[in-house]
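Predicted model, so just to flag it, every value in this text is computed and none were measured. Computation of the quantities below employed the complete heavy-atom set of this structure, encompassing side-chain atoms and omitting hydrogens, waters and symmetry-equivalent molecules.
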Amino acid sequence: MKRIEGRTLTGERALFQTRDAEILSCRFEDGESPLKECRNLVVKKGVFAWKYPLWYGKKISVSDSSFLKEARAGVWYTENACFSDLVYEAPKGFRACKGLTLRNVSFPDAEETLWWNEGVEIQNVQARNAPYFGMYTKNAHIENLDLVGDYAFDHAENVIISHSVLKTKDAFWNAKNVTLVGCVIEGEYFAWNAMNLVLIDCKVSSHQGFCYIDGLRIQNGNLEGTDLCFEYCTRIDATLSASPLSIKNPVSGRIRLSSPTELIQNDPSIDLDGVEIILP
């Protein structure tokens, strides 16, 4: 591997199509797409201070580095890339990537970040100002995500999230095959139109959450901060350690409550025999 060290690189496509290189303590500024179409790179202690730094790369490792606000749309269309121990300040990062790992990353401004990616591993990530974070994410395993931003994981598929805190309105809308384990979720209208949604040991506080879901399984769920839930849900299998404030118009399945709650059934088209509600 060749080594590029201690340089400030400027101008458009400064290291275009670089192959098999270790890039140490370099700064990229005043020039778009400095590492476009690169292969087999190891970048350490880098500073990215201009637009589109890493597009169409393959086999990329970036660690102990910073992406400044000017590095907008920083990482798109990469394959088999790992980013660790970063501060990533730029919006619109990480789109249309395949085989993406994010580890120990802080996103102070995660606007429109992590869209259309497939094959994602996330561990110890903090994201703020993160509307639509993770939209259309597919085949992802996520652990210890601390997220603040509405509309998270819209249209996500085949996603497992564990031990995370998600403060997000309209999370997981239109999502399929999502499992949440040991998570805390806060935000209105949780998971509408989802399919095959599993929650294990989770706490959810949501106004009018869990609606229009087909295939909902909750194990040891704390829903004490949720109201008007389960409306038009089908195939429910819920065991709750803390009951919601109210349940409204569930269609089919079984709900095991820890304590009585308000039950609203005001849609005469629903067959009430399709839902079994079990009280302690």
Side-chain angles (χ1 to χ4, degrees), residues 23-29 34-35 41-55 57 60-78 80-137 140-154 156 159-172 180-187:
I23 301 173
L24 305 176
S25 302
C26 289
R27 181 182 179 92
F28 298 91
E29 61 183 31
L35 293 175
L41 294 188
V42 175
V43 181
K44 296 180 180 179
K45 299 186 184 299
V47 177
F48 295 91
W50 213 258
K51 294 182 287 186
Y52 325 137
L54 277 159
W55 280 39
I60 307 293
S61 173
V62 180
S63 62
D64 299 309
S65 297
S66 299
F67 287 74
L68 306 186
K69 292 181 179 180
E70 294 79 8
R72 298 175 62 87
V75 184
W76 289 25
Y77 310 111
T78 67
N80 300 321
C82 178
F83 295 80
S84 61
D85 303 300
L86 304 182
V87 176
Y88 196 105
E89 298 180 9
K92 301 184 179 181
F94 299 103
R95 294 195 186 183
C97 300
K98 293 182 179 180
L100 175 65
T101 297
L102 301 177
R103 188 179 300 117
N104 303 327
V105 178
S106 173
F107 292 97
D109 183 5
E111 180 183 359
E112 299 181 17
T113 290
L114 207 76
W115 287 11
W116 308 308
N117 299 291
E118 185 171 355
V120 178
E121 296 283 338
I122 290 177
Q123 187 175 31
N124 302 330
V125 166
Q126 182 186 76
R128 296 292 182 267
N129 186 34
Y132 289 102
F133 188 88
M135 186 171 70
Y136 282 99
T137 295
H141 191 280
I142 298 169
E143 182 179 4
N144 195 21
L145 171 64
D146 181 0
L147 172 68
V148 179
D150 294 335
Y151 324 115
F153 296 102
D154 188 275
V159 174
I160 299 172
I161 302 178
S162 63
H163 307 106
S164 297
V165 177
L166 311 176
K167 297 182 178 180
T168 167
K169 175 182 176 181
D170 295 356
F172 300 101
L180 304 171
V181 181
C183 293
V184 176
I185 299 104
E186 299 177 9

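Interatomic distance, Ile60 CD1 to Cys82 SG, rounded to the nearest 0.5 Å: 11.5 Å. To the nearest 0.5 Å, atoms CD (Gln123) and CG (Leu102) are separated by 11.0 Å. From Leu180, atom CG reaches atom NE2 of His163 across 11.5 Å, with rounding to the nearest 0.5 Å. Once rounded to the nearest 0.5 Å, the distance linking CG of Asp154 with CH2 of Trp115 reads 9.5 Å. For the atom pair Lys45 NZ and Cys26 SG, the distance stands at 13.0 Å (nearest 0.5 Å). Rounding to the nearest 0.5 Å gives a distance of 8.5 Å between OG of Ser106 and CD of Glu89.
Side-chain atoms of Trp55 come within 3.5 Å of backbone N or O of Ala73 as a donor-acceptor pair. When atom types are taken as modelled, the side chain of Thr78 and the backbone of Trp76 share no donor-acceptor pair closer than 3.5 angstrom. Thr168 contributes a side-chain N or O that, together with a main-chain N or O of Tyr151, makes up a donor-acceptor pair within less than 3.5 Å. At least one donor-acceptor pair closer than 3.5 Å links the side chain of Asn117 to the backbone N or O of Cys97.
Salt bridge present: Arg95 and Glu112 bring a charged side-chain N and a carboxylate O closer than 4.0 Å. Using a cutoff of 4.0 Å between basic side-chain nitrogens and carboxylate oxygens, Asp146 and Arg128 are scored as salt-bridged.
Contact check for Phe172 versus Ile161: side-chain heavy atoms found under the 4.5 Å cut-off. Within the 4.5 Å cutoff, the side chain of Ile142 has heavy atoms near those of the Val159 side chain. Side-chain atoms of Leu68 and Arg27, non-hydrogen and from C-beta on, do get closer than 4.5 Å to each other. Leu86 has its side chain within reach of Val62: a pair of non-hydrogen atoms, C-beta onward, lies under 4.5 Å apart. Using a 4.5 Å heavy-atom threshold, the side chains of Leu41 and Ile23 count as touching. Looking only at side-chain heavy atoms (C-beta outward), Val165 and Leu147 stay at 4.5 Å or farther from each other.
Applying the ring-ring contact (aromatic ring centres under 6.0 Å, His included) rule to Tyr88 yields the partners Phe67, Phe94, Phe107; only residues at least two apart in sequence or on another chain are considered. Taking the side chain to side chain contact (heavy atoms under 4.5 Å, CB included) definition, one finds that Asn144 meets it with Asn124, sequence neighbours left out.
The two atoms that bring Ser65 and Gly46 nearest to each other are OG-N, 2.9 Å, heavy atoms only. Between Ile185 and Cys183 the shortest heavy-atom distance is CD1-CB, 3.9 Å.
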Return all side-chain donor-acceptor pairs below 3.5 angstrom for residues 47-54, not counting sequence neighbours, or 'none' if the list is empty.
residue : atom : partner : partner atom : Å
Lys51   : NZ   : Glu32   : OE2          : 3.4

